[in-house]
Amino acid sequence: MATEFSRETVKRIAELGRLYLTEEEISTYQAELAKILEAFNALAQLPLPEDFAGDARSALVMAKAVEKAESDSISRLRPDEANNSIAIQVFLNQAPEREGVFVKVPAILAPST
Amino acid sequence: MSGNSLVNYPKIIEILKKYDVVIGIEVHCQLATKSKMFSSSKNAYGDTPNSNIDPTCLGLPGALPTLNEEAIDLAIRMGLALKSEIQSVSVFARKNYFYPDLPKGYQITQYDRPICFGGELILSSGKKIGIERIQIEEDAGKNIHVGTCSLVDYNRSGVGLIEIVSAPDISSPEEASEYLRKLHSYVVNLDISDGDLERGNFRADANVSIKPKGSNIFGRRCEIKNVNSFKYIEKAIVYEIERQFDVIETGGEIQMETRGYDSDKNVTFSQRSKESAKDYRYFPEPDLPPLIVTKARIEKVKNNMPELPESKAARLIQNYSLPEYDAKVITASRINSAYFEKLVKSLEGKIEPKLISNYFMTEIMRACKVYAEEKGISIDELTEVPVPLEYSVSLLNLQAAGTISGRIAKEVFEEMMLFNKSPEEIVKSKNLIQISDNTSIAKICEQVINENPAILSEYYSGKEKLFGFFVGQAMKLSGGKLNPAKVNEVLKKLLDAKK
Amino acid sequence: MITKNKFASKYTVNQNTHSAFEIVKDFQNGKQSPSEYLNDLFSNIEKLNPELNALTSIQKDYAYEKAKLLEKSFHKMELPLFGVPIIIKENIQKIGFPVECASKILKGYKGQYDATVVSSLENAGAILIGTANMDEFAMGSANEHSCHGVVRNPHNTSRVSGGSSGGSAVACAAGFAPITFGSDTGGSVRQPAGFCGIYGIKPTYGRVSRYGLVAFGSSLDQISPFARNVKDLDTVMSIVAHEDANDSTSLKGSYKSKLGSVTLKGKTVGVLRSILKQGVDDNVMKEFLTLEENLKKQGVKFIDIEIPSLEHTLSVYYLIACAEVSTNLSRFDGIRFGHRAQNSEDLFDLYCKTRSEGFGKEVKRRIMLGTFSLSAGFYDAFYGKAQAVRELMSKQFDEVFEKVDYIYLPTSPASAFEFGINAFDPIKEYLYDVFTIPANLIGVPGISVPANVPKGSLPVGLQFLAKRGNDAELLAFAEVLEKESLVGTTSLE
């Protein structure tokens with residue numbers, strides 16, 4: 001894996017997170033992400049005992065899930081009963097822009113990523 | 001290729017000589033639960049916008065998801081119907097993207113560990129269409145576009161969905177349409193969903209590609225989205241196959257993209273081309289532990305399942321001796337079979353199910369067809385039989401009692417549907433009661449005989465067929481109200497006597 | 001010559017006088033009414049808060065209304081927190097209260113529903129009197145990253161309170177309320193408890209409902225209480241630590257107090273001796289060893305323990321926490337609530353402008369980190385791997401807990417540091433994280449108890465961890481230490 005971060009990559013990540021970055025911030029993140037990547041790579045290289053790796057791990061996670069479900073978790077399933085718990089006005093009062101009973105946003109041009 | 005004929009699409013037949021068509025279908029089906037998938041606000045169509053809401057489906061800070069038990073059971077039911085392998089452990093995942101109708105900025109769905117893997121749906125030709133997976137997820141809210149802005153309604157946000165992904169085993173537009181209709185009949189018959197296409201309960205996307213005949217390399221596919229009727233999906237697929245053929249034959253390359261369908265122009269059109277830009281950053285939903293489905297739960301769901309159409313049909317054939325075709329039509333939709341069963345029950349002991357079935361297959365099915373055509377929808381999209389049950393019961397009773405003849409009954413049915421009047425009313429107001437007493441019949445027959453001396457002589461000279469003439473005239477004279485069996489009887493007697 | 005601390009008051013001179021358990025008794029037997037109590041309390045808050053900046057709102061009208069209602073109640077004897085004033089961190093939902101998470105993006109936002117913890121507290125008779133300052137979206141360890149300004153440590157105002165629950169810690173230490181609530185994702189309650197000289201406990205993961213807590217690290221967060229004595233912590237845990245149908249990660253059952261049932265003799269305590277070798281300040285080390293000696297005298301056995309996977313604590317934590325928070329913060333988009341940027345060209349612009357204007361630097365950093373680690377191609381190697389190492393860590397801790405009842409370590413390698421210190425030496429920085437984060441990663445309960453520091457000295461926090469689910473035992477153990485005067489709230493006087 002490359003330990004260099006292109007400006008394009010940083011911009012792409014910012015876009016995914018819907019953030020605008022200044023040119024300075026892009027540079028900062030290039031350096032920071034590269035550094036973090038090094039640390040994460042070290043973690044990625046870490047050898048794990050057999051039962052914590054790959055398919056064995058998946059099986060372990062699944063078994064643990066079943067065990068946990070039976071032991072200390074509450075019943076996870078909610079009975080199917082309708083209950084509207086927020087009054088429409090309470091919600092709309094804090095909407096930044098509304099039109100009647102709708103929340104208003106700028107026109108949606110292209111569907112998102 | 002299925003045994004279905006492609007007479008409707010001659011160009012497709014030509015294309016299929018050189019290419020294989022590969023179609024995979026993804027269906028998003030809303031679950032008919034009272035509350036939403038991950039929270040308890042109401043699941044209902046048509047309510048005041050933003051009234052069926054709660055912190056979770058609005059993505060308010062601090063809100064958390066909880067699992068709807070009924071939704072899980074409905075997903076299991078679908079898995080059982082499609083013979084899928086229901087997973088004892090499945091995992092929820094976050095699918096991340098920004099859109100106003102997606103309040104949390106991610107959709108809770110299932111990614112590499114859905115609730116069901118595998119399964120199949122068998123077409124009438126016997127061909128098995130593989131099911132790859134069934135996953136549980138939540139619906140988004142609704143955006144309404146109004147000029148330079150959009151209005152958002154969160155009533156639908158969080159409503160439970162199952163996504164059923166087929167294998168790319170479908171090889172023709174007809175197969176695609178049949179697959180959809182069959183899957184739709186399952187979800188409706190099994191009470192998994194209301195299945196109302198107009199309301200968006202059942203939404204299909206088709207992935208279409210073509211490849212040189214016999215080749216192992218799949219062509220680039222295009223996804224056709226947002227077509228909300230079976231008829232149009234079929235047409236859209238036809239257009240798309242032809243389009244791809246034209247592109248390839250003229251040396252071009254298919255762009256992998258999403259396409260919409262314009263039903264007025266009957267074309268598909270490109271909607272998005274940034275396919276490669278999608279990065280949903282899937283990861284396991286930390287707010288929901290893995291879903292454990294025990295064998296006990298699966299058993300419970302199995303025992304509470306409504307009957308599948310196939311077994312219902314078998315039962316009708318066995319118990320009521322219905323012809324196979326009739327049984328299939330009646331059980332194809334839940335509304336049909338419910339209607340039929342109610343008729344049978346109401347008329348128990350009075351009228352044979354077989355006769356009720358005849359009535360159903362002729363009168364009722366015709367009324368359905370007409371009604372569907374008027375509404376511009378396909379017959380399987382009807383949400384109820386357009387003939388009031390009480391009217392059907394009355395009509396059949398009147399017929400069975402001999403009050404009206406079969407022929408008159410047909411007339412009465414037409415009036416019933418045109419003017420929405422009860423059969424009794426119509427019979428009374430139009431004086432259609434069948435004449436069955438010998439005296440009245442004899443009087444009319446006498447009149448007919450006396451008015452036609454020439455025909456009478458011919459009849460007596462050996463033209464036996466002219467008997468029908470006298471019957472016809474008697475019927476005409478009486479306005480069709482004579483009991484046909486009785487007419488034959490009386491007329492024969494009279495004619496023999498006069499000889 | 002030790003001068004009187006200007007934040008000292010009747011509330012802070014003695015650990016017990018204005019504790020929840022004492023004032024409840026007074027309220028229940030009519031010695032004083034809750035509304036009367038609020039008079040002096042609010043005076044004190046209004047006098048001291050401007051400089052400390054611990055509270056972001058003081059809910060006087062609400063509090064008095066609630067007090068009046070309670071006073072009419074026929075059930076006062078059945079309400080364990082009858083009339084007790086409580087402050088919550090401003091990332092916990094309460095209808096009508098500001099829940100701004102110290103962020104511009106939530107400026108003006110008021111709660112539209114009550115967190116489960118809030119409902120539990122109010123049903124037990126508590127009176128919520130205000131909201132506490134914090135680091136933006138709980139990211140920070142000095143309460144320096146808040147749009148409301150920094151929080152000052154009442155023991156020495158040129159020093160930080162700790163974070164991210166700095167406001168709640170200071171509010172409790174300065175006597176604004178006997179019990180306050182923060183949230184702990186990587187030490188955000190234990191560390192400020194240590195810096196401010198009070199008790200703070202992070203429950204077992206899932207023991208307290210997260211419903212209504214603005215999410216940071218979903219698999220790490222716990223709403224956690226502060227108090228000036230152990231009994232108050234125990235009482236409030238009995239109220240808020242129970243299963244919740246609204247939180248699918250909450251545990252079955254409920255907390256049951258074990259106060260009085262623990263004796264020191266025969267207990268075994270494990271110490272991660274190797275990581276204490278360097279980087280810990282002298283004063284902290286001194287308190288640490290003093291308590292160890294005292295406990296040994298009382299029959300507690302100490303053994304050295306090793307947990308090899310701790311070496312990877314930071315990578316694992318940052319991978320998981322940032323990944324989770326990057327998606328948890330996606331809902332802050334200017335669409336349905338909070339700040340929305342003006343003059344956006346289109347939807348994309350609205351999103352980016354709103355979030356860039358609304359989020360602070362620390363928050364943006366973690367969003368970038370988290371988004372990166374989840375992006376295509378990195379998931380398995382990073383997030384997936386981090387979870388595997390986390391499980392390994394959990395297993396190693398489980399093995400240790402088979403040999404010991406508690407694990408003992410300082411809460412932080414130093415006392416409260418001065419404002420303006422931007423970076424520590426790497427070892428110290430590492431220790432700050434490695435002392436508190438593991439408890440969040442593996443979900444065990446951890447408590448910071450205040451060491452008996454000499455008068456006028458800065459508070460020092462000492463930490464005990466227990467096995468998953470042993471919250472009551474942990475508090476019972478802490479109570480013994482308190483009763484034996486081996487630890488105690490650093491009073492402001």
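Here is how names work: the chains are called A, B, and so on, in the same order as the sequence lines, proteins then strands, and each is numbered from 1.
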Open item on the list: Please check this pair: side chain of A:R18 against backbone of C:T354, looking for a donor-acceptor N/O pair closer than 3.5 Å.
Closed with: no
Task: Pairs flagged by salt bridge (Lys or Arg N to Asp or Glu O under 4.0 Å) wherever residues 307-332 of chain C is involved - sequence neighbours left out - done: none
Open item on the list: Rounded to the nearest 0.5 Å, what separates atom SG in C:C352 from atom CD in A:E15?
Closed with: 7.5 Å
TODO: Can you tell which part of C:I367 gets under 4.5 Å to a heavy atom of chain A, answering side chain, backbone, both or neither?
DONE: side chain
Task: Pair listing, side-chain hydrogen bond (donor to acceptor under 3.5 Å, both in side chains) test, anchored in residues 360-370 of chain C, at least two apart - done: A:E32-C:R365, C:E362-C:R365, C:E362-C:R366
Task: Within the 6.0 Å centroid threshold, strictly below: C:F372 and A:Y29 - done: no
Open item on the list: With a 3.5 Å distance limit and no angle check, can you tell me whether C:S315 reaches the backbone of A:L43 through a side-chain donor-acceptor pair?
Closed with: no
Under 3.5 Å, sequence neighbours excluded: what are the donor-acceptor pairs made by side chains of residues 103-110 of chain C?
{"unit_1": "C:S103", "atom_1": "OG", "unit_2": "C:I105", "atom_2": "N", "d": "3.2"}
{"unit_1": "C:S103", "atom_1": "OG", "unit_2": "C:E136", "atom_2": "OE2", "d": "2.7"}
{"unit_1": "C:S103", "atom_1": "OG", "unit_2": "C:G358", "atom_2": "O", "d": "3.2"}

Task: Which portion of A:V105 sits near chain C, non-hydrogen atoms under 4.5 angstrom - done: both
Open item on the list: If I measure from the heavy atoms of chain C, does A:L46 come under 4.5 Å with its side chain, its backbone, both, or neither?
Closed with: both
- [ ] Enumerate by number any residue of residues 80-91 of chain A whose heavy atoms lie under 4.5 Å from heavy atoms of chain C; in the absence of such residues, state 'none'.
- [x] A:I86, A:V90, A:F91
Task: Residue among A:R98, A:Q45, A:K104 with most heavy-atom pairs under 4.5 Å to chain C - done: A:K104
Open item on the list: Can you tell me which of C:I335, C:L350, C:L319 forms the most heavy-atom pairs within a distance under 4.5 Å of chain A?
Closed with: C:L319
Task: Nearest non-hydrogen partners of A:V10 and C:M368, listed with the distance - done: O-CE, 3.7 Å
TODO: Any chance you could measure C:T371, atom OG1, to A:L19, atom CG, to the nearest 0.5 Å?
DONE: 7.5 Å
Task: Any C:F382 side-chain heavy atom under 4.5 Å of A:N41 side chain - done: yes
Open item on the list: Are A:N93 and C:Q112 packed together at the side-chain level, in the sense that at least one heavy-atom pair is separated by less than 4.5 angstrom?
Closed with: no
Open item on the list: Measuring from atom CD1 of A:I36 to atom CG of C:L314, what distance do you get when rounded to the nearest 0.5 angstrom?
Closed with: 9.5 Å
